[in-house]
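In what follows, a single structure is set out as structure tokens and then discussed.
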2 protein chains.
Amino acid sequence: MLAPLLAHIARYVSLTAAEAELLEAYVVPHTLERRAHLLREGEVCTATYFVVSGCLRTYFLTEKGVEHTLQFAIENWWLTDYASLDAHAPSAFFLQAVEPTWVLVLEQRGQEELFGRVPQLERYFRLVLQRGAAAAQHRVKLLYSLSGEARYRQFASLFPAFVQRVPQYMLASYLGFTPEFLSKIRARMGE
Amino acid sequence: MLAPLLAHIARYVSLTAAEAELLEAYVVPHTLERRAHLLREGEVCTATYFVVSGCLRTYFLTEKGVEHTLQFAIENWWLTDYASLDAHAPSAFFLQAVEPTWVLVLEQRGQEELFGRVPQLERYFRLVLQRGAAAAQHRVKLLYSLSGEARYRQFASLFPAFVQRVPQYMLASYLGFTPEFLSKIRARMGE
DNA sequence: CGCGGGTTTGATGATGCTCAAGCCCGGTGG
DNA sequence: CCACCGGGCTTGAGCATCATCAAACCCGCG
């Protein structure tokens with residue numbers, strides 16, 4: 001069932017019933033357990049993933065083995081490693097399910113053909129990427145303008161539910177500091 | 001003359017001569033003096049800009065008046081504020097020429113019509129955005145995995161010419177630290 | 001019950017900021 | 001042609017933020 005994807009697409013462009021059916025041939029549903037990986041460092045990324053329910057993240061490891069989360073993707077977000085996808089090169093990142101997650105898989109292979117047949121989809125993905133670019137700019141702006149503690153406060157007030165869903169160490173690594181420091185922030189906020 | 005843009009487009013998709021001519025009607029050349037602005041905080045962004053020669057940057061100001069550079073765009077890069085463009089909302093950013101710069105202006109208005117007539121352009125911009133998404137991920141990875149000094153060393157070794165072209169305070173604000181600190185790094189590297 | 005991953009707590013210290021002063025150098029006006 | 005700006009770069013002292021390391025703790029799960 002790809003109804004959630006069709007609903008999301010409809011926010012940006014309109015497809016005919018025939019076009020929607022065409023799309024169906026290119027998209028495969030897949031379920032993931034908590035902590036399951038879609039991609040590991042060194043592998044070549046061959047698909048983009050649409051989150052129907054649950055949550056994915058992109059992270060990488062430093063030489064010392066420390067995790068850093070680059071991105072979370074919740075319902076209605078697409079996630080992939082574009083650098084690896086484009087260049088057919090080994091990825092520097094991991095793609096992982098944060099919790100039990102239901103995704104739709106769109107393989108890169110054959111995608112150009114699909115877009116040739118359904119040009120509205122090419123527009124849809126352009127708009128999705130545009131939204132992603134805006135989000136990335138906003139992300140860097142936050143990293144640069146706020147202190148670690150202020151970033152946490154803002155994030156927690158914007159997405160209180162999400163803070164509950166995600167392990168603290170992932171959140172810390174997303175916000176750009178250590179789990180120990182996050183713990184100290186929370187202690188200060190508690191009193 | 002939009003030959004440089006056509007050359008760049010040809011790297012990704014192929015246009016017929018008629019399509020290239022169509023594009024010409026939508027693109028306006030514009031020259032900018034050093035430090036001239038294309039967009040200021042609070043204004044609504046209505047176009048995307050292609051750098052033919054020179055250099056643009058996106059920056060913003062904190063409440064204390066400190067500048068932070070989010071992005072540089074040199075030859076063959078597109079730059080805009082997608083958040084403002086999409087939502088027709090006041091921008092949080094400034095777009096500015098770092099040096100005398102020659103840009104091509106593609107107004108948002110009428111763009112959908114253009115893409116309707118030349119679907120290959122929609123693909124081109126999707127691919128440009130994909131490349132931008134990859135660059136944004138890489139950027140955050142660098143911010144998270146390297147110290148300030150290491151970021152400067154890496155940047156200087158990758159783009160030695162660019163370090164010459166740009167004022168140090170802009171570079172510092174792009175790399176995520178203060179001009180004073182950059183000065184101290186350089187002093188240490190000198191000896 | 002015990003194990004183990006995740007979180008907490010505390011001591012110590014490095015990284016990079018703030019503030020303030022001086023300096024270098026290109027541009028402008030007298 | 002020189003004097004004087006003034007913006008940008010440099011230098012230094014003191015300090016805040018946040019990392020590191022290590023130990024204890026908590027709690028769900030086998």
Side-chain angles (χ1 to χ4, degrees), chain A residues 33-37 55 57 59-69 72 94 96-100 140 142-156 162-191, chain B residues 33-37 55 57 59 61-69 94 96-100 140 142-156 162-191:
Chain A
E33 297 180 358
R34 200 175 114 92
R35 301 291 186 272
H37 280 90
C55 178
R57 66 168 182 149
Y59 72 95
F60 69 94
L61 297 179
T62 65
E63 322 78 61
K64 300 305 163 214
V66 180
E67 277 184 18
H68 289 276
T69 300
F72 288 110
F94 297 79
Q96 184 192 41
V98 173
E99 51 190 28
V140 178
L142 283 190
L143 281 176
Y144 278 178
S145 42
L146 300 180
S147 71
E149 174 157 359
R151 286 201 298 278
Y152 176 73
R153 287 176 182 283
Q154 154 138 354
F155 191 89
F162 192 70
V163 172
Q164 308 298 93
R165 266 165 77 175
V166 169
Q168 312 244 351
Y169 75 92
M170 284 187 195
L171 196 52
S173 86
Y174 176 75
L175 292 173
F177 43 73
T178 60
E180 291 94 330
F181 185 61
L182 176 51
S183 174
K184 282 162 194 176
I185 292 172
R186 289 164 55 86
R188 281 204 289 271
M189 286 175 66
E191 249 65 35
Chain B
E33 297 180 357
R34 198 174 113 94
R35 302 289 186 271
H37 280 91
C55 178
R57 66 167 180 149
Y59 72 96
L61 298 179
T62 64
E63 322 79 62
K64 301 304 163 212
V66 180
E67 279 184 18
H68 289 275
T69 300
F94 297 81
Q96 185 192 39
V98 172
E99 51 189 30
V140 179
L142 283 189
L143 282 176
Y144 277 179
S145 42
L146 300 179
S147 72
E149 174 158 359
R151 287 200 297 278
Y152 175 74
R153 287 175 182 282
Q154 154 139 353
F155 191 89
F162 192 71
V163 172
Q164 309 298 93
R165 266 163 78 175
V166 169
Q168 312 243 352
Y169 75 93
M170 284 188 195
L171 197 51
S173 85
Y174 175 75
L175 292 174
F177 43 73
T178 60
E180 291 94 332
F181 185 61
L182 176 52
S183 176
K184 283 162 195 176
I185 292 171
R186 289 164 54 86
R188 279 205 290 272
M189 284 175 66
E191 245 60 40

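Throughout, protein chains are lettered first and strands after them, A, B, ... in sequence-line order, and every chain is numbered starting at 1.
Summarising the geometry, the separation between CZ on B/F181 and P on C/dA20 is reported as 21 Å, rounded to the nearest angstrom. Computed from coordinates, the B/R151 CZ to C/dG16 C1' distance equals 10 Å when rounded to whole Å. Between A/M170 atom CE and C/dT7 atom P the separation is 9 Å, expressed in whole Å. The nearest whole Å value for the distance from the CZ atom in A/F177 to the P atom in D/dT20 is 14 Å. The distance between atom CZ of A/R188 and atom P of D/dA16, rounded to the nearest whole Å, is 13 Å. Rounded to whole Å, atom C1' of D/dA19 lies 16 Å from atom CG of B/L146. What separates CE of B/M189 from P of D/dT11 is a distance of 15 Å, to the nearest Å. B/I185 places its CD1 atom 7 Å from the P atom of C/dG16, with the value rounded to the nearest Å.
Checking C/dC19, C/dT9, C/dG16 against the side-chain heavy atoms of B/E180 singles out C/dC19 as nearest. Here the side chain of A/Y169 is nearest to one of C/dT7, C/dT9, D/dT10, namely C/dT7. Taking the side chain of B/S183 as heavy atoms from C-beta on, and the options C/dC17, D/dT11, C/dT7, the nearest nucleotide is D/dT11. With distances taken from any side-chain atom of B/K184 to the nucleotides D/dG12, D/dT10, D/dA19, the minimum falls on D/dG12.
For C/dG16, neither phosphate oxygen OP1 nor OP2 lies less than 4.0 angstrom from any side-chain nitrogen or oxygen of B/T178.
Rounding to the nearest 0.5 Å places CZ of A/F162 at 4.5 Å from CZ of A/F72. Atom CD in A/Q164 sits 10.5 Å away from atom CG in A/L171 (nearest 0.5 Å).
With respect to B/K184 and B/E180, no salt bridge is recorded, no charged nitrogen being found less than 4.0 Å from a carboxylate O.
Across A/Y59, A/Y169, A/F60, a single residue satisfies ring-ring contact (aromatic ring centres under 6.0 Å, His included) together with A/H68, and that is A/F60. Across A/R57, A/R34, A/R35, A/R165, a single residue satisfies salt bridge (charged side-chain N to carboxylate O under 4.0 Å, His left out) together with A/E99, and that is A/R165.
Residue B/P179 is out of contact with every strand shown, counting any heavy-atom pair closer than 4.0 Å.
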